[in-house]
Each structure stands twice: as C-alpha cells, then as structure tokens.
Amino acid sequence: MIIFIDDRPIKVISQKKAKSLTTTDFEHLIDAKLESIRPEKLHGHVLILNVILPTINKLFTILKEHDLPHFLSITLVTADRDLTEEQIKAQYKVIKAAGGVVRNEKGNLLLMYRLKKWDLPKGKLDKGEKSKNGAVREVEEECNVKVRLEEKICTTFHTYTYKNEHILKQTKWYSMEIVDASKMKPQIEEDIEKLEWMDRKQVHTALINSYSSIRYVVKRYFYEGEDKWEI
C-alpha cells in the first residue's frame, strides 16, 4: 500500500520485506518501540520500524496538524500489514475512484493536460458501480473515446481535505486499449485542456510535470511486478 499525502508517499511494508532495505537510503530511522514520533523527525526520507496501531494514530495526527515542508517519504514496517492498512484507512473518509492507462496500436499512451499538469483519466465511482465499469466510463467521458478494458495495474491512495473533512481517495487503475479515437476531445467541464498520444520517451518527459501518484501508476504499467514507486 502506498498513500500519497501532499503528493509524498507513505509506504506500508512487512517485516520480511524490510530485510531488503538499506538504512543509508533514509535520513531518519525511528524505532517505535524505543521512541515516540515527533514532527521534527519527519524530515527527508523516514523509516519507522515496529509500527503498531498507536504509532499510526500518532503519525497521522501529526501529518494532519503540522506543516511538514521537508518530509519526502515515510516507510512503515509492521508485523501485520493488513491491520495497519485498515487502521490508516480508518483515519479518513474513503472515496472510491477508478481510471485507466490507455494505449493505441503504436503502443503510445494517452495523457491529458489538466490544471497545469499532465495526468491520466480517472474519476469517482457512481453509487454501486464496479471499479472496472467506472474506469471505462471515466476514460470514455473525459476523452470522448471508446476503449477495451484489460488487466488491473495497481491501486493508489491519496489524501485531501474537503469542507474540513479528511478524505482518502482510493483509485483502482486498469490497462486499456483504444477501440475508437476518431472523435477524441477533452472534456472541458472537467478542466481538461488537451489530450496527447505519447511514446515512452515523451511520457517520461511529460511526467516531470505531473504527480508522484501518476508517476507510480505509469511505472507499474511499464514495469509490472516491480514494487517501486520511483520513475
């Protein structure tokens, strides 16, 4: 599980997986058994060991209440990853969404320019809607195309605040193949300025001006099975 808070990743991993980590990749190492989490320690890339439920409550209270301009990422190591992830979700109101990475016959990907950044088509699910159906609907509505659904790529989580309520948006991403792009055009009412097909090199260049969560999705699309979020 990776959650993006202000476009910065918080990753939950098991103790077994933590054995492959290198501590030199982190500016701060916190052992939750030995010390309490403090805002001044959340600087750069942070590794937190022995995470239990009170650790999660403390950490996310700090993240909600403090401005932490120098925090880049947090990796949480826990004995029970599923329970830890559920505890994180419990800190927020969860809204479900879905989106797609669309390719054409040349293997180029469809990117959209929205709110001055390159993005992928996605949106909130309707009540009772399945994520697969919602992903196709959102792509077709935002881009005015027809697509064929393929396999799931990954799930991302990102947080935001709306009317003083803390929201966690869960987005399931799917690979898609274009079926008909003859009438392709951006959905202006969704603030989409333009749509472009890009080859792999162009995608990597465009994603310099994007979001970490979108870079993560494209990374997983190109390098299926690699459990890394960097691109």
Requested in this report: Quick one: list whatever passes salt bridge (Lys or Arg N to Asp or Glu O under 4.0 Å) with Glu190, sequence neighbours left out.
Outcome: none
Requested in this report: Go through Phe71 and Val46 one step at a time and tell me if the side-chain contact (heavy atoms from CB on, under 4.5 Å) criterion holds.
Outcome: CA-CA 8 Å; Phe71 136 59; Val46 182; 5.5 Å; no
Query raised in the report: Of all residues at least two apart in sequence or in a different chain, which pass the salt bridge (Lys or Arg N to Asp or Glu O under 4.0 Å) check with Glu138?
Result: none
For residues 58-65, run the donor-acceptor check on the side chains, cut-off 3.5 Å, and write out each pair with its distance to 0.1 Å, sequence neighbours left out.
from  : atom 1 : to    : atom 2 : distance (Å)
Thr61 : OG1    : Asn57 : O      : 2.8
Lys64 : NZ     : Gln91 : O      : 2.8

Report task. Output yes when Lys163 and Glu165 qualify as a salt bridge under the 4.0 Å nitrogen-oxygen rule, no when they do not. Result -> no
**Report entry** Asp180 side-chain N/O to Ser182 backbone N/O, donor-acceptor pair under 3.5 Å
**Finding:** yes
Report summary line: Sorted by chain and residue number, the salt bridge (Lys or Arg N to Asp or Glu O under 4.0 Å) partners of Lys122 (sequence neighbours excluded) come out as Asp119
Query - Residues clustering with Tyr160 (ILVMFWY side chains joined when closer than 4.5 Å, directly or via others) - result: Ile95, Tyr162, Ile167
Report task. Give every residue pair that meets the side-chain hydrogen bond (donor to acceptor under 3.5 Å, both in side chains) criterion with at least one member in residues 19-32, sequence neighbours excluded. Result -> Asp31-Asn50
Requested in this report: Write out all pairs satisfying salt bridge (charged side-chain N to carboxylate O under 4.0 Å, His left out) with one or both partners inside residues 87-102, taking only residues at least two apart or from two chains.
Outcome: Glu86-Lys89
Query raised in the report: Is Lys117 atom NZ crowded by more than 12 heavy atoms from other residues, nucleotides or ligands, each under 6.0 Å away?
Result: yes
Query raised in the report: Under a 4.0 Å N-O cut-off, is there an ion pair linking Asp199 with Lys201?
Result: no
Query raised in the report: Who else is in the cluster with Leu53 when I, L, V, M, F, W and Y are joined by side-chain contacts under 4.5 Å?
Result: Leu83
Query - Same apolar cluster: Ile10 and Leu68, side chain cutoff 4.5 Å - result: yes
Query raised in the report: Looking only at atom types and distance, does a side-chain atom of Ser210 sit under 3.5 Å from a main-chain N or O of Trp118, one as donor and one as acceptor?
Result: yes
Query raised in the report: For Tyr174, what are the other residues in its hydrophobic cluster, where any two members join if their side-chain heavy atoms are less than 4.5 angstrom apart?
Result: Val102, Leu110, Met112, Val136, Val139, Val145, Val147, Leu149, Met176, Ile178, Met184, Ile192, Leu195, Trp197
**Report entry** Test item: Ser212 side-chain N/O and Asp7 main-chain N/O as donor-acceptor pair under 3.5 Å
**Finding:** yes
Report task. Can you sort out the partners of Phe157 under ring-ring contact (aromatic ring centres under 6.0 Å, His included), two or more places apart, ordered by chain and number? Result -> none
Query raised in the report: Linking I/L/V/M/F/W/Y whenever their side-chain heavy atoms sit closer than 4.5 Å, directly or via other members, would Leu29 and Ile74 fall into one cluster?
Result: no
**Report entry** is_close_aromatic(Phe222, His204), centroid dist under 6.0 Å
**Finding:** yes
Query raised in the report: Should Leu49 and Leu42 be regarded as members of a common hydrophobic cluster, given that ILVMFWY residues are connected when their side-chain heavy atoms come within less than 4.5 Å of each other, either directly or indirectly?
Result: no
Query raised in the report: Should Val12 and Ile30 be regarded as members of a common hydrophobic cluster, given that ILVMFWY residues are connected when their side-chain heavy atoms come within less than 4.5 Å of each other, either directly or indirectly?
Result: yes
Query raised in the report: salt bridge (Lys or Arg N to Asp or Glu O under 4.0 Å) with Glu35: which residues, sequence neighbours excluded?
Result: Lys41
Query raised in the report: How would you list, by chain and number, every residue that makes a ring-ring contact (aromatic ring centres under 6.0 Å, His included) with His43, sequence neighbours excluded?
Result: His70
